[in-house]
Structure formats: C-alpha cells, structure tokens
Amino acid sequence: MLDKKFDPSEVESRHYETWEKSGHFACDPESNAAPFAVMMPPPNVTGSLHMGHALNCTLHDVLVRWRRMRGQDTLWQPGLDHAGIATQMVVERQLDGEGVHRRDLGREEFVKRVWQWKEESGGTIVGQQKRMGSTPDWERSRFTMDEGLSKAVKKVFVTLYREGLIYKDKRLVNWDPKLQTSISDLEVEQIEQKGHMWHVAYEVEGEEARTITVATTRPETMLGDTAIAVHPEDERYTDLIGKMAVLPIVGRLIPIVADEYADPEQGSGAVKITPAHDFNDFEVGKRHDLPMINIFDERARINENAPQEYQGLDRFEARKKILAELEEQEILVKVDKIKHSVPYDEKSKSVIIEPYLTDQWYVDTPTLAKPALEAVRTGKTTFHPKQYENMYFQWMENQLPWCISRQLWWGHQIPAWYDTEGNIYVAASEEEALAEAKDKLGRVDVELTQDPDVLDTWFSSALWPFSTLGWPEKTKELDKYYPGQVLITGFDIITFWVSRMMMMGIHFMGDVPFKDVYIHALVRDSKGQKMSKSKGNVIDPLELIEQYGTDALRFCLCAMAGQGRDVRLSEDRVAGYRNFATKLWNAARFCEMNEALPDAKFDPASAQYALNRWIITQVVETREVIDTALESYRFNDAANAIYQFVWGTFCDWYLEFTKPVLAGDDEGMIKETRQTTGWVLDQILILLNPFMPFITEELYAAIAPRVAGELLLGHDWPEYGDELKAPDSAKEIAQIVDIIGEIRSIRSDMNVPVSAKITLMLEGASADQQDKVAQYRSVISQMARLEKVEFLKKGSEVPKGAIKTVLGEMTLILPIADLIDLDQERARLKKEISKLEKDIAEISKKLGNEKFVSNAPKEVVEEQKSRQAQSQNTKEKLAQALEQLDAA
RNA sequence: GGGCGGUUAGCUCAGCGGUAGAGCACUUGCUCGACACGCAAGGGGUCACUGGUUCAAUCCCAGUACCGCCCACCA
C-alpha cells in the first residue's frame with residue numbers, strides 16, 4: 001500500500017544505488033544498438049554544483065534516459081575539469097587562511113595540495129550529480145589531468161608544434177599582476193567606471209615655444225613612451241613630424257611619427273605611444289620600429305627601465321607620484337573627469353589587468369578556425385536555437401592567435417624543454433626531448449629544463465570529445481561514439497569551449513565532435529538577475545531539492561527550458577511541480593484502492609468502451625508530442641504535454657469518469673475500466689520517468705510489479721500501433737465533457753448550491769446523442785450533480801423559468817427557477833447573446849468581403865460559414881429563451 | 001562602433017498568418033470517500049509604437065522607442 005502522504009525526500013533517498021548497481025548507466029561498445037553519445041561538460045573542481053549545473057545535468061539526463069528507453073546504446077561521458085586558474089586560486093586562498101604562500105610550499109608540494117583538494121571537491125560534485133538523479137556512465141569518468149588525458153594533451157601539443165600551428169612568440173598579453181600569469185582575452189571583463197583623462201604637454205626639441213599635448217588615462221605608462229603619433233594629414237602637426245619630443249620626467253627623446261592610428265578628432269590629435277603597455281600602441285610600435293620599453297615587473301611594479309626614484313613603486317603609487325611631478329613642472333595642462341572601461345579579471349573583478357610584454361605559447365587558431373567555421377556553415381554541426389550560430393561565426397571569424405601558456409603551477413606543464421644554448425625541444429616526454437637534444441648538439445652531456453608554464457585549461461577541455469574515448473589509441477569507443485550526437489551547454493561557453501572542440505576535433509579526428517549543439521538558457525533568479533555569490537541571490541539547488549524534491553526541480557527546469565531565453569527560477573514554480581508529483585502520487589493511490597493496476601494480460605487494443613478508447617488515444621497522442629518535442633530539444637513542450645495529460649486529462653476527467661463506472665454494476669465495463677486505468681497509469685510512469693525518475697520508479701515498484709526488481713530505468717519506451725487511436729471515441733467523450741462543463745458553468749454562475757441536485761432536460765438531441773447521454777448518465781449526473789436526465793421532444797412543454805443553454809444542435813434545459821435569481825439569468829442570457837452578436841457581425845463582415853471569399857482557402861471560408869451558422873443558431877435559441885423568461 | 005535577441009493577462013513565459021494560451025497570483029463556491037500541495041466556476045490582454053505586404057497580421061517586412069546580451073574600442 002502506498003503511504004497516504006507523499007514525501008519526496010523519503011522516496012528519493014532510496015533508488016539511486018539500485019539504479020547504479022543495475023548496470024544500465026553503462027554504454028556497450030559491443031552492442032549493435034545505435035549509439036547516442038553526449039559529453040558532460042566537465043564541472044570545475046572548484047567547489048559545488050550550482051543551478052546552471054542542475055539545469056545542464058537535468059537536460060542531459062532527460063535525453064539520455066529517453067534515448068536509453070528507446071533502445072539506443074547511450075554513452076553519457078562524465079568527468080571533471082581541473083580548471084587551472086580557478087582551482088589554483090581556491091587552494092591559494094585556503095593556504096592564505098593558514099598564513100602560507102604557495103612559494104613557501106614549492107611547486108611539488110603545492111600541486112600535491114591541489115590534488116588533495118581535487119579529490120575532496122570532485123567527490124562533492126559527483127555526489128550532487130547523483131542527487132540530481134543523473135545517469136552517466138560513471139565507470140568511464142575522466143579527469144582532464146588523468147594519465148590518459150595528459151597523454152592526449154602532449155600528443156596534440158607536439159603534433160601542432162611540428163605542424164607549425166603552435167609556436168612561441170613575444171607579444172602583449174593580458175596579464176594578471178596578482179596571480180602573475182597571462183590570462184585569456186575572454187577572461188578579461190571591461191567594467192565601466194569613473195576616471196580621469198590627464199592632458200600632458202611634452203616639449204618639442206628645438207622648438208622652445210612649442211609643446212605637443214597628449215592625453216592619457218594611465219599616466220604611469222608614460223615612463224615607457226617611445227613616440228608620439230599624429231595623423232599624417234593633420235595640419236596642426238605636419239611640421240613636427242620627424243622632430244623629437246622630450247619625454248617629461250624621463251628626459252628621453254622620442255620621435256613624433258605620422259600614423260593613421262592617431263585620430264585628429266580625439267583629444268589634441270596627438271597620442272603618446274607606449275608599445276609595451278597598450279595593444280594599439282604595440283601595433284604602432286611595430287609599424288615604426290619603435291623600441292618597446294617594458295616598465296613593469298610581473299607584479300606591475302615599476303622596474304629598472306624607469307628612473308630610479310620610481311623603481312619598485314606599485315603602478316598606482318607611481319601614477320600619483322608622476323601626476324604630482326607633472327603638476328609641479330606645470331605641464332599637466334588639463335584634467336577631465338570621464339567614464340571609461342577598465343579591464344578587470346573576470347573572476348574576482350578586483351584586479352586590473354595590464355597589457356604586458358612576455359614570451360608565450362600560441363595556437364594558430366586563425367588557421368584552425370577555417371574548417372570549423374565551414375563545418376557549421378555547411379550544417380555538419382547545427383546549433384539549436386540557430387541564432388547562436390551567429391555568435392559562433394562572429395567569434396570564429398575574428399580569431400586572434402590563442403595564447404595557451406599560463407604562469408601557474410596547476411595544469412598540464414608544457415612539453416617543451418630548453419638547453420643552455422636557447423634551443424627548444426618539444427616532445428612527448430623528457431627522454432624524447434633529451435634524445436633530440438643530444439642529436440642536435442652532437443654530444444651526450446646535455447642538461448634540459450622543462451618550460452615551467454602550464455597550458456590554459458581550455459586546451460585540455462578542447463580535446464574532451466575524443467580524449468575521453470581513449471585517443472590517441474584507436475579504440476572501439478572512438479569508433480562508435482565519435483562524433484557525439486549533441487553537446488548541451490550554456491551560450492557563455494560557445495567561445496571558450498564549443499569553438500575549440502570544433503577546431504581540435506576536426507583537426508585531429510577529421511570530423512566534427514558533435515552533430516548538434518543545444519544551447520540552454522542561463523539560470524537567473526526570479527527577478528532576472530544573474531545569480532552570483534556577490535549579489536547573494538544564489539539559489540542552491542540542494543536547498544530546493546531538500547524542500548521540494550529532485551523530481552520537482554528537474555521538472556521545473558525542463559518546463560522552463562524554453563529555447564533561447566533565460567530561465568528565471570522562482571521557488572513557487574518548483575513548489576508547483578512538487579504539487580504535481582503529489583497529484584500523481586494520489587492518483588496512483590486512487591488506482592490502487594480501486595484495484596485498477598497494471599495488468600500484463602491487458603491489451604489496450606481490445607478496449608471496447610469509448611471512455612477507455614478515448615483515454616488510450618490521449619496517451620498515444622501525448623507520447624507523440626513528447627517524442628517530437630525531445631527530438632528537437634524542446635524540453636518545455638515535452639514537459640508541458642505530460643503535465644497536461646496527467647493532471648488535466650487523466651486526473652481531472654478520466655479518473656472522475658471512472659468513479660461512477662466503478663461504483664456501478666456493469667461488470668464488463670468495470671473490468672475493462674480497471675484494466676485501462678492500470679494501463680494508463682503504467683504508461684504515465686514510463687513517459688514521465690525521464691523527467692521525474694524517482695517518484696515514477698517508486699510507484700512502478702510499488703504498484704506495477706511484474707518481474708521482480710524490474711526498473712523503469714531499463715524499461716522500453718512504448719511503441720503504440722495506430723489501432724489504439726480512436727478519434728470517434730474522442731469526439732464522443734468530448735461531447736460529454738462539454739455537457740458537464742456547461743452545466744457546471746451555469747450552476748456556478750447562478751449560484752446553485754453544490755448540494756442541490758437538479759434535473760437536466762435535453763432538447764434536440766439526435767438518437768445517437770440520446771444514446772450516448774443515456775450511456776453516460778451516471779457519469780454526467782455525478783460530475784454535474786444531477787438528479788435525473790430527461791429527453792424532450794421538440795416543442796415539448798418546458799417548465800417556466802427554466803434555464804436554457806445551447807450546445808450545438810442540443811439545447812440544455814435546467815428547470816431551476818426556484819433555486820435562482822431570474823434577473824441574474826436574464827443578465828447572463830443578454831451577455832451571451834451580445835457576445836454572439838459581436839461574433840456574428842465580425843464573421844459576416846469577413847464573408848461579405850468579396851476578396852476574402854475568392855482568395856482565402858476554401859476550408860477557411862467554409863469554417864467561417866459554419867461558425868456563422870452555429871452562432872446564429874445559438875443566438876436565436878438563447879433569444880427565445882430570454883423571451884420565455886420575460887414572459888414568465 | 002559592429003552584431004544578436006526581447007517587448008503577449010498582475011508576475012514568469014508559450015504561441016508565430018485565419019475565433020488570444022499556460023503556470024502562478026487574484027475572485028467566488030466547495031470536508032461530492034485519491035489529493036486543500038486539492039476540486040469546481042470565474043475575472044483579467046486595442047499581443048510596445050508607426051507604417052508596409054496580404055482577402056486576412058500578435059505572427060511576415062521596414063522603421064521608432066525602451067530593455068537585455070555578445071564582440072570591439074575608448075588619447
């Protein structure tokens with residue numbers, strides 16, 4: 001017996017282990033079943049699951065469970081990402097708490113600490129994924145720094161290097177002076193803030209009377225100025241081109257050069273050029289062969305290339321000192337207050353990023369991007385929703401070389417070694433590098449040191465679709481599961497990850513890594529704010545789960561996963577789906593009480609009664625909607641379809657219909673109705689299982705037992721034959737539903753007490769309709785609270801003051817004059833009539849339009865005509881009823 | 001500056017050429033033997049604005065306004 005009260009947390013506490021042990025999570029490369037492979041975006045080992053993970057997890061799991069039930073050989077590849085910078089920061093913060101710096105530990109010890117953290121955090125994440133009910137192939141779980149993946153990383157690096165697609169170069173990078181590493185362009189966030197524009201007058205050498213004024217928001221960089229640029233056609237300055245300006249404070253002579261980069265419209269039209277500290281200036285510097293003077297050390301303190309009194313100062317202290325000095329010299333000619341964007345590191349948003357001149361490793365992404373672009377253009381990979389392809393195109397078309405080296409300790413150390421003479425050896429191992437070096441140098445006593453830098457985290461992530469399948473070995477898994485079917489991720493990851501997997505996949509596997517890319521929404525709070533720890537509006541999925549259950553959360557996330565939108569998560573909504581689960585629970589209890597449980601001997605095709613044929617039809621149609629929706633990743637449509645069916649159709653109508661049937665004495669009908677009810681419940685559990693795995697599995701085990709221990713997890717998705725569809729029965733029941741609805745509506749409008757049982761008189765019903773109504777008399781009576789049903793011949797005497805309403809050809813007459821206020825009834829009729837008149841007028845106008853009648857499709861015109869006739873008919877009958885009422 | 005979205009019921013959002021939909025919220029009744037996390041019946045919308053295409057436009061096209069996002073730039 002099912003408990004009276006449904007307790008999600010209790011139910012959900014007891015299924016997962018059984019599922020895991022059942023072996024259904026595992027893929028089977030040996031099987032002949034068609035593969036369905038998806039790669040889990042590996043969560044960072046930086047902590048715990050957030051709502052975005054919960055959404056991603058849910059969508060994956062729904063698809064995977066559904067495909068698995070449909071008999072496909074599913075591989076949901078799980079794993080974790082080492083998340084270089086993020087993880088290193090977490091561990092450094094922990095050390096901070098202990099008053100220790102990573103330098104105190106040394107690289108080896110520090111990395112050990114990070115591994116410890118990884119074990120801990122990784123375990124937490126996996127536990128949370130299990131709590132979400134996820135069913136990936138855990139046995140195959142990978143970590144981006146495990147041995148196999150590290151091997152793949154080295155192989156890719158070495159190969160690309162030998163192909164000339166990875167190289168070392170000295171250029172400006174975005175530098176994080178706190179972490180002391182380069183960071184990705186994508187990890188820099190421009191934040192608008194108030195600042196100053198300082199205008200400084202530089203003397204021109206040999207022109208005592210003249211100065212040239214430049215403006216800057218970062219005066220400290222002037223210590224590294226190596227030129228002033230003016231526009232070649234700017235008449236104010238043409239005579240100065242080629243002359244030298246005197247760099248204040250430093251005293252260095254710097255040339256005044258002509259370059260179109262200088263915009264005559266902006267500021268004074270003259271711009272200071274600091275090639276080592278500004279991306280644009282760097283380009284100008286290259287064009288004019290200017291010296292590049294780096295004035296910062298790796299912590300952005302002034303270095304030995306600047307005057308003595310500035311050396312060692314932090315960049316912002318230096319700024320103050322310079323401004324004071326400029327003021328003193330009276331060459332700070334103007335200060336404007338402005339708003340401008342300042343580059344911050346995206347994660348902490350607290351450190352200002354500095355363009356910094358260093359040696360780094362680069363991937364030639366402009367070259368690799370070409371085939372990756374082509375693959376999406378030609379449709380080998382398709383984005384859903386499609387418009388995200390634009391974002392992909394824009395990003396891929398404007399590729400700059402990808403800086404992949406990071407000055408960190410946590411990550412894949414770059415497989416490059418240096419000898420003492422400045423030669424580089426890129427190889428899969430130190431042995432190989434050494435052999436190469438000996439060969440090159442022609443001697444044996446060679447000492448090599450490995451490049452201390454590590455690779456950008458996304459480098460190993462880019463290989464995920466094939467490295468996890470065993471590449472570079474040739475494996476069965478690679479054969480079968482590459483390319484995968486779909487990648488499911490958020491739009492913010494297109495640039496970081498999707499694009500790079502496309503490039504690497506195509507380059508190394510010769511094929512795209514996935515056929516579809518489903519971009520899901522970002523989870524926001526109920527006010528539409530992005531959830532963030534600093535805003536304090538983070539909703540922890542686990543808290544929701546504790547309160548409402550995993551099933552409710554999963555269902556909610558699906559129902560809100562409309563394409564191309566943000567998901568605004570509100571607790572009310574989750575509560576609503578918990579209610580849905582409770583509803584299902586109670587419906588199952590009802591079935592149990594009435595011995596209406598799944599019966600393996602029952603063949604739905606054998607159902608005779610319209611009532612049962614109707615609900616079976618609805619099941620078939622619901623399955624079709626779910627399938628169609630999931631095939632095109634419309635999770636919300638699928639969820640709504642099953643919700644609507646379970647609550648709106650099965651519970652609200654079908655189960656109510658069965659009550660009088662089961663209480664009646666038609667043995668044949670009782671038996672079939674019980675069997676049908678059981679069958680429908682069974683189908684509901686199956687169809688709902690991918691969305692709400694826990695409650696469905698619980699109910700299945702409790703009330704639908706057949707083979708002991710059988711799990712919905714491994715159940716087949718239903719296939720229904722067309723013979724199950726009974727459109728006639730559907731029409732028949734729809735009519736009964738209409739009659740009940742109409743009576744209920746009138747009762748409510750007229751304030752007829754629920755307890756009052758009334759009589760229904762039907763006029764104008766065809767013989768067939770009379771038949772049906774008679775057959776469903778008990779159902780109609782119970783649901784509409786009737787005492788009896790009578791059929792009237794046309795023109796029969798109707799009790800005075802009876803209420804009339806029209807349903808097609810039938811007129812429903814309710815003789816309840818003594819129960820109601822007749823004025824109220826008059827008002828009701830008048831309102832109905834005027835509504836109909838408006839309707840008729842509208843249609844008549846349409847039909848009176850010659851162009852409409854001749855141009856619109858025939859069936860549309862016909863439809864309008866029949867609507868007109870119908871409304872006209874109803875209106876007349878109601879008008880008549882009104883007259884009679886007035887006469888009474 | 002370049003690009004992409006959005007604007008539909010009080011709220012959150014579906015729909016996308018032929019009578020405006022859902023959930024929540026709201027109102028009114030209901031201890032009718034599954035369920036008050038419930039049942040039943042309701043109220044509520046010139047589908048942002050202006051033009052155009054069409055027999056017909058919430059839906060297609062153009063423009064306007066506001067909102068959001070991505071990319072780039074900022075002397």
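Within every chain, numbering begins at 1; the chains are lettered A, B, ... in the order of the sequence lines, protein sequences first and strands thereafter.
With both pairing distances under 3.5 Å, B:A65 is matched to B:U7 as a Watson-Crick or G-U wobble pair. If you check B:C60 for Watson-Crick or wobble pairing at under 3.5 angstrom, you find it paired to B:G52. Nucleotide B:C39 forms a Watson-Crick or G-U wobble pair with B:G29, both donor-acceptor distances falling under 3.5 Å. In this structure B:A22 sits in a base pair with B:U12, meeting the Watson-Crick or G-U test at under 3.5 Å. B:G1: Watson-Crick or G-U partner is B:C71, with both key distances under 3.5 Å.
Atom NZ of A:K835 and atom P of B:G42 are 9 Å apart (whole Å). Separating the CD atom of A:Q394 from the P atom of B:C70 is a distance of 12 Å, rounded to the nearest angstrom. Nucleotide B:A72 holds its P atom 14 Å from the CD atom of A:E397, rounded to whole Å. B:A22 atom P lies 13 Å from atom OH of A:Y577, rounded to whole Å. If you measure from atom CG of A:N636 to atom C1' of B:G15, you get 11 Å, rounded to the nearest angstrom. The nearest whole Å value for the distance from the CD1 atom in A:I642 to the C1' atom in B:A22 is 16 Å. At whole-Å resolution of the value, CD in A:Q190 and P in B:C70 are 12 Å apart. A straight line from CE of A:M391 to P of B:G6 spans 13 Å, rounded to a whole angstrom.
The line from CZ of A:R867 to CD of A:E842 is 7.5 Å long, rounded to the nearest 0.5 Å. The distance from the NZ atom of A:K845 to the CD1 atom of A:I840 is 15.5 Å, given to the nearest 0.5 Å.
B:G2 and B:G17 have their P atoms separated by 31 Å, given to the nearest Å. Annotation: B:G68 and B:C73 have their P atoms spaced 23 Å apart (nearest Å). Comparing the same atom, C1', in B:U19 and in B:C47 gives a spacing of 15 Å after rounding to whole Å. B:U31 and B:G38: their C1' atoms are spaced 11 Å apart (whole Å). Atom name C1', nucleotides B:A56 and B:A72: the rounded distance is 45 Å, in whole Å. When the C1' atom is compared between B:G43 and B:C24, the two are found 16 Å apart, to the nearest whole Å. Of the C1' atoms belonging to B:C55 and B:C60, the separation is 16 Å, rounded to the nearest Å. Spacing between B:G10 and B:C69 at atom C1', rounded to whole Å, works out to 27 Å.
Crowding of A:E260 atom CD: a count of heavy atoms from other residues, nucleotides or ligands under 6.0 Å not exceeding 12.
Of the two residues near RNA chain B, A:Q782 and A:N855, the one whose nearest nucleotide lies more 5' is A:Q782. The 5' end of RNA chain B is approached more closely, in terms of each residue's nearest nucleotide, by A:N390 than by the other of A:N390 and A:D572.
Using a 4.0 Å heavy-atom criterion, one finds that A:T217 contacts the sugar-phosphate atoms exclusively. Residue-level contact check: A:V214 touches neither bases nor backbone, having no heavy atom under 4.0 Å from any strand. Nucleic acid contact for A:R747: none, since no nucleic acid atom lies under 4.0 Å from a heavy atom of the residue. The residue A:Y548 sits apart from the nucleic acid: no heavy atom pair falls under 4.0 Å. Nucleic acid contact for A:P753: none, since no nucleic acid atom lies under 4.0 Å from a heavy atom of the residue. If you check every strand for non-hydrogen atoms under 4.0 Å, A:Q644 touches nothing.
In this structure, the nucleotide among B:C55, B:G29, B:G23 sitting nearest to the side chain of A:Y643 is B:G23. With B:G2, B:G18, B:C73 as the choices, the nucleotide that has an atom nearest any side-chain atom of A:Q864 turns out to be B:G18.
Residue A:S781 is tested with A:R785, A:M783, A:R777 for a side chain to side chain contact (heavy atoms under 4.5 Å, CB included); the sole match is A:R777.
Looking at A:K846 and A:V853, their side chains never come closer than 4.5 Å, going by heavy atoms from C-beta outward. Residues A:I256 and A:Y237 fail the side-chain proximity criterion, which asks for heavy atoms closer than 4.5 Å.
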**Stepwise side chain to side chain contact (heavy atoms under 4.5 Å, CB included) test for A:F282 and A:T274** = CA-CA 7 Å; A:F282 181 77; A:T274 322; over 6 Å; no
**Request:** Please test A:I803 against A:I820 for side chain to side chain contact (heavy atoms under 4.5 Å, CB included), starting from the C-alpha separation and ending with a verdict.
**Result:** CA-CA 10 Å; A:I803 286 191; A:I820 62 162; 3.2 Å; yes
**Message:** Each nucleotide in nucleotides 33-41 of chain B should get exactly one letter: B, S or -. Can you fill that in based on protein heavy atoms under 4.0 Å?
**Reply:** -BB-BSSSS
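Using a 4.0 Å cut-off between charged nitrogen and carboxylate oxygen, A:E787 and A:K757 do not count as a salt-bridge pair.
Below 30°, between 30° and 60°, or above 60°: for A:F555 and A:Y577 the angle between ring planes is between 30° and 60°, a tilted geometry.
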